[in-house]
2 protein chains.
Amino acid sequence: MFSIGEFSKITSLPVKTLRFYHEQGVLEPTHVDVQTGYRYYAANKIETARIITQLRKLDFPLGDIVDILRCREEEEEGEDGDILAYFERHLQSMQEKVRHYREIDRTLQQIIAEQREAQVAMKTTSYEVEEKAIDSMLIAAVRIKGRYSDCGQGFSRIGRQFGRYLCGKPFLLHHDAEYKEEDADFEACMPIRQGTSKNGIEVRELAGGRGMALLHQGPYDELGRSYEKLLAHLKEQAFEFVMPTREVYLKGPGMIFKGNPRKYLTEIQMLVKE
Amino acid sequence: MFSIGEFSKITSLPVKTLRFYHEQGVLEPTHVDVQTGYRYYAANKIETARIITQLRKLDFPLGDIVDILRCREEEEEGEDGDILAYFERHLQSMQEKVRHYREIDRTLQQIIAEQREAQVAMKTTSYEVEEKAIDSMLIAAVRIKGRYSDCGQGFSRIGRQFGRYLCGKPFLLHHDAEYKEEDADFEACMPIRQGTSKNGIEVRELAGGRGMALLHQGPYDELGRSYEKLLAHLKEQAFEFVMPTREVYLKGPGMIFKGNPRKYLTEIQMLVKE
DNA sequence: CGTACGGCCTCCAGTAGGTGGAGAGTCAAC
DNA sequence: GTTGACTCTCCACCTACTGGAGGCCGTACG
């Protein structure tokens, strides 16, 4: 018979925990001194303690452990208990947790990447028209005819469908030559690594080329000023641009923080004829 | 200004939770009536509530949320806070959890598979010598010279190293022609899907062939009887066997339950010359 | 005028699996 | 006999809520 301290050293379970297990009926001492209340454990309890430790490492709830231990005792007499059922049920819930935390993990990574890119863009930026080569890319696109404010629904549909294949910033393709409030014709697009058209989302290769780009910092309703600046520059240099034009949302309202509109960053890109 | 009930409907946070958030200083009402104690929330609190909900969905602790919200308020004045640090730290702990639960998941699957196979073996078994073709297989093996009781260490070393690539029951290869107590020469082996030799564990292809096998039910110290039976059978049929012989542990003491030794199942296999 | 109802309040308890501490009793050795 | 190590019980604390009791306030109905 071991005192609680000795038994604690043998099983490497804290004394407090042993007392708690006694209270919960998970691991009862072999004998309790009626006078002093001292707990004493026989050697065969070591095996029980080992089993409990193993099951706890697998995150079994104490209640289940009690049941499983009871099953085990019955099983000694021959019949194969339904311990397996406990394990299968538990496996289910563990897989559930894996899914849950993986989902969170994925979302966090996305948020962090977004935030970091935005910070970099914030620092290395000059707000002047610059020429840049625009690569062709695979995109998922939803064509919308209506108001620009409806573009959010397009993006979230793409996000739901292709969430894990996204590989760049969302952007709009404008198919209207002039600004339209009510009946605009545009596409909400996201670059993706792979995928095929489905559920009204078109996946296609978007051609690149020689482009002129201007970064716009500030709220979206001030984009007009930047368009003006970019168009003026193109006219000055005698470039002719091709439709559609692109509006890339480098930093906008995040999925958690709306942020300060004065800090939103948008790049206007136009491909030019060579 | 909304009463707590109205605000609850807007934010889909239970009234109880709103009161709790007030108490914790996460989401304070705009105004509290001094007479009645009634809480009243202004419209701008809806956004705060949304952020809290989002962060809670990502399993952020309330304490962190308080800090993050404070950061956000400071950030309105311009400086980019260290919110990112919170996200990164949280990402770490979420990845930790994914690893943790994946590990549990893997172990549970293994236990369940083991248990199930053992049950099947238990039912379909005849305890007579039978001829069976033994396929060649890739194995991880640790050679041990000493006592048979040391084989457990070999298995656990292999388990740690190749845990996720295991694809069959553990077995021993006996290199001694006769039984030795003290100075036995044997290998602890596990079939694996892939891998290369390292850390004193040899990975190699183990040849198959025509074999004779006998199932043994009961504790290991009674294996001698089954060896006797198998050898008698071989002599009777004028077979000549080749070394090493194999002892496959179909059901033994599990990693959780030691189980009843009377129910242990071991298959003795010997390859014969043709 | 009395009361039933809905909304709101505070305070207390409980969840899972322990951990930490206070204050008091017990054991074995010197 | 005393010291120091050991053990006991009881209570509080952790997270993020949830549930319930008992009570206040204003309004509608009989």
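Chain letters run A, B, ... following the sequence lines, proteins first, then strands; residues in each count from 1. Bear in mind that the values here come from a model prediction, so they are computed numbers and not experimental data.
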### Message
Show the nearest heavy-atom pair for residues B/C71 and B/I83, with the distance to one decimal.
### Response
CB-CG1, 3.6 Å

Any side-chain to backbone donor/acceptor pair from [X] onto [Y]? Under 3.5 Å, distance only.
X: A/S8; Y: A/L13; result: yes
X: B/N199; Y: B/I201; result: no
X: A/R50; Y: A/K45; result: no

Interatomic distance, [X] [atom1] vs [N] [atom2] [rounded to whole Å]:
X: A/L27; N: C/dG17; atom1: CG; atom2: C1'; result: 15 Å
X: B/D33; N: C/dC8; atom1: CG; atom2: C1'; result: 11 Å
X: A/E23; N: D/dC10; atom1: CD; atom2: C1'; result: 10 Å
X: A/Y41; N: D/dT7; atom1: OH; atom2: P; result: 10 Å
X: B/F20; N: C/dC11; atom1: CZ; atom2: C1'; result: 15 Å
X: B/Y40; N: D/dC25; atom1: OH; atom2: P; result: 12 Å
X: A/Q35; N: D/dC6; atom1: CD; atom2: C1'; result: 18 Å
X: A/H31; N: D/dC8; atom1: NE2; atom2: P; result: 12 Å

### Message
Under 4.0 Å, heavy atoms only, any strand: does A/R19 hit a base, just the sugar-phosphate, or nothing?
### Response
base

Could you check which of [options] has an atom nearest any side-chain atom of [X]?
X: A/T36; options: D/dA16, C/dC27, C/dG17; result: C/dC27
X: A/T17; options: C/dG18, C/dC27, D/dA16; result: C/dG18
X: A/Y38; options: D/dC8, C/dT19, D/dA16; result: D/dC8
X: B/P14; options: D/dA16, C/dT26, D/dT18; result: D/dT18

### Task
Check whether the ring centres of A/Y220 and A/Y264 lie less than 6.0 Å apart, and answer yes or no.
yes

### Task
Using only heavy-atom distances, decide whether a donor-acceptor pair under 3.5 angstrom links the side-chain of A/Y21 to the base of C/dG18.
no

### Query
Would you say the side chain of B/K16 and the base of D/dG20 hold a donor-acceptor pair, judged only by whether the two atoms sit under 3.5 Å apart?
yes

### Query
Phosphate oxygens OP1/OP2 of C/dG7: is one of them under 4.0 Å from a side-chain N or O of B/S3?
no

### Query
Distance check: side-chain N/O of A/R39 vs OP1/OP2 of D/dT7, anything under 4.0 Å?
no

